[in-house]
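Within every chain, numbering begins at 1; the chains are lettered A, B, ... in the order of the sequence lines, protein sequences first and strands thereafter.
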2 protein chains.
Amino acid sequence: MPEIRLKKTEIRAENESRILKSAERIFARHGFRGSSMRMIADDASIPKANIHYYFSSKEKLYRRVVERIFTVWLEAAASFETSNDPHAALHSYISEKMEISRLYPDGSKVWANEVIHGAPIIHDFLTSALEDWTNSRIVAMRRWIEEGKIRDVEPRWILYMIWATTQHYADFAHQIETLNDDKALSINQWQQARDTVFDIIWAGLEPKD
Amino acid sequence: MPEIRLKKTEIRAENESRILKSAERIFARHGFRGSSMRMIADDASIPKANIHYYFSSKEKLYRRVVERIFTVWLEAAASFETSNDPHAALHSYISEKMEISRLYPDGSKVWANEVIHGAPIIHDFLTSALEDWTNSRIVAMRRWIEEGKIRDVEPRWILYMIWATTQHYADFAHQIETLNDDKALSINQWQQARDTVFDIIWAGLEPKD
DNA sequence: GACAGAGTTGACCGATCAGTCAACAAAGTT
DNA sequence: AACTTTGTTGACTGATCGGTCAACTCTGTC
């Protein structure tokens, strides 16, 4: 069999990445308490004790998983430009969020699970990065309202609406698949769903003549 | 101290109800695996063994909790009349769903938690009652489209949008409160959120001139 | 007031959990 | 080749879990 030699400390990076990937999948599927280190170890094809060599506790491993998710989320958040064109900004942001739901549903599920249970482990994320980002977008949207570029609505409820609708396709994927003859959404269906989400929201924001 | 006498088999009804109420709260807060019979017992101020006298297993108790939630959900679903007036039907349905999120957030959380994890215990609810109800509303909405009463959109995505946005206020209540200076939404805020959700969706469905 | 059925409870059990540890193997350094 | 550092692993531990059980009390009936 061909030997793939791992040099130096590449071993650490490779193993940590493998464990984090398995942990995200297991945590998404079973929740924090419902996931055991044994399940994660088996998924990653690594002895359980070895996981504790890289991550000192289950909670620290979980936090690392959530941090990774939050990073992806923040990168997508950048696509919500605070430029002068709400149509482009919102279209870009909603499309990006739908893509994340399609490609990385596990991350969204872990996040949802955590928030549903009162965010016992990652509460600081909410009060720092998320709050800052939210407030800055609310300010930007208020400016759009003043400039007459969108209707006079409370920006907060619009943001929640965008989060809810886009993340729903990841968090409730099982329900959606069940209602889709037990099949995952096709590419066409994803596109149609994404377009519908944007069209509906934009129709509600577009200034009336 | 005043003695409240419980007659006959009222004891059973009273205790079952008390246990179910505590179970819903605990399951919502910690998930199925994260909740222990001990926690539920303590919350209900009843010895653990006594709970097993009324509910033979944790899973059976959990199913009873979900059944109760589903009943509430189905009653609200009736407000989505398939009458000839989409504006009234949707306004009534969205208002009802927002009220459920406000008054019974725990039930919504248990449901969300279950679906996120692939609905291992209540999968039959999805393939029976929910699927039937969904398909009947899709048919009704298609008729509205044919009659030119709403725009030509895929009814499925609209339903998901309504579910997502309304349930978001229950499932993500912790995040919403955190972003609201750690305060629960006021009555006014709930009304405003509900009106915004309806206005946006209706603006996207209302036939263009 | 005697009996039966319903409800209550502390003590207990096997299984599973996160985390530890000591012995070992491989890689890197001199 | 000697030695250090890093990585690997099976066996173990104390805690907690869902569930059982036998002894008990209370309630309703005759």
Side-chain angles (χ1 to χ4, degrees), chain A residues 1-24 26-27 29-66 110 113-114 117 120-121, chain B residues 1-24 26-27 29-66 110 113-114 117 120-121:
Chain A
M1 58 177 78
E3 292 273 337
I4 299 171
R5 290 313 217 97
L6 287 180
K7 295 168 193 168
K8 299 186 177 189
T9 41
E10 279 180 15
I11 295 173
R12 186 164 205 101
E14 156 70 15
N15 280 352
E16 282 190 0
S17 158
R18 170 120 124 258
I19 293 167
L20 282 170
K21 210 172 150 188
S22 288
E24 183 173 303
I26 299 297
F27 281 137
R29 190 121 49 194
H30 306 281
F32 180 75
R33 292 287 297 272
S35 305
S36 69
M37 296 299 268
R38 158 70 113 220
M39 292 160 76
I40 296 169
D42 287 352
D43 189 273
S45 302
I46 280 178
K48 183 170 79 92
N50 203 358
I51 293 189
H52 274 99
Y53 174 74
Y54 288 104
F55 299 92
S56 58
S57 74
K58 187 183 178 185
E59 192 167 316
K60 288 220 175 97
L61 171 57
Y62 184 73
R63 267 195 73 94
R64 282 285 302 275
V65 168
V66 175
V110 172
N113 200 63
E114 179 67 8
H117 300 149
I121 296 178
Chain B
M1 59 178 75
E3 291 273 338
I4 298 171
R5 291 314 217 97
L6 286 179
K7 295 168 194 167
K8 297 186 174 186
T9 40
E10 280 180 17
I11 295 174
R12 185 164 205 101
E14 156 72 15
N15 280 352
E16 282 190 0
S17 158
R18 172 121 124 256
I19 293 168
L20 282 170
K21 212 172 149 187
S22 288
E24 183 173 302
I26 299 298
F27 282 137
R29 191 118 52 194
H30 306 282
F32 179 74
R33 292 289 297 271
S35 305
S36 69
M37 297 299 270
R38 159 73 103 204
M39 291 161 74
I40 295 169
D42 287 351
D43 189 274
S45 302
I46 280 178
K48 184 170 77 91
N50 204 357
I51 293 189
H52 275 99
Y53 174 73
Y54 288 102
F55 299 91
S56 58
S57 73
K58 185 183 178 185
E59 192 167 316
K60 288 225 176 90
L61 172 56
Y62 184 74
R63 268 194 74 93
R64 283 285 301 275
V65 169
V66 174
V110 173
N113 199 64
E114 179 67 9
H117 299 149
I121 295 179

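One can place CD of A:Glu10 at 14 Å from C1' of C:dG28, the figure rounded to the nearest angstrom. D:dG7 atom P lies 15 Å from atom CZ of A:Arg18, rounded to whole Å. Across the protein-nucleic acid pair, A:Arg12 atom CZ and D:dT8 atom C1' stand 13 Å apart, rounded to whole Å. One atom, OH of B:Tyr62, and another, C1' of D:dG18, lie 17 Å apart when rounded to the nearest Å. Rounded to whole Å, atom P of D:dG7 lies 12 Å from atom CZ of A:Phe55. Note: CD1 (B:Ile11) to P (D:dT25) measures 17 Å, nearest angstrom.
OP1 or OP2 of C:dT8 sits under 4.0 Å from a side-chain N or O of B:Asn15. In this structure, B:Tyr53 does not reach the C:dT8 phosphate: none of its side-chain N or O atoms is under 4.0 Å from OP1 or OP2. Listed pair A:Tyr54 / D:dT8 meets the phosphate criterion, a side-chain N or O lying under 4.0 Å from OP1 or OP2.
Ring geometry, A:Phe32 versus A:Phe27: the interplanar angle falls under 30°, so the pair is classed parallel (tilted spans 30 to 60°).
If B:Ser56 and A:Pro47 are placed on DNA chain D by their nearest nucleotide, the residue sitting closer to the 5' end is A:Pro47.
Residues A:Glu14 and A:Arg18 are paired through a salt bridge, judged by an N-O separation under 4.0 Å between the basic side chain and the carboxylate.
B:Val66 has its side chain out of reach of B:Ile121: every pair of non-hydrogen atoms, C-beta onward, lies at least 4.5 Å apart.
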Identify all side-chain donor-acceptor contacts of residues 33-43 of chain A below 3.5 Å with residues at least two apart in sequence or on another chain.
residue	atom	partner	partner atom	Å
A:Ser35	OG	A:Ile26	O	3.1
A:Ser35	OG	A:Gly31	O	2.5
A:Ser36	OG	A:Met39	N	3.1
A:Asp43	OD1	A:Ser22	OG	2.6
A:Asp43	OD1	A:Arg25	NH2	2.7
A:Asp43	OD2	A:Arg25	NE	3.4

With B for base contact, S for sugar-phosphate-only contact and - for none (protein heavy atoms under 4.0 Å), nucleotides 13-18 of chain C reads ----SB
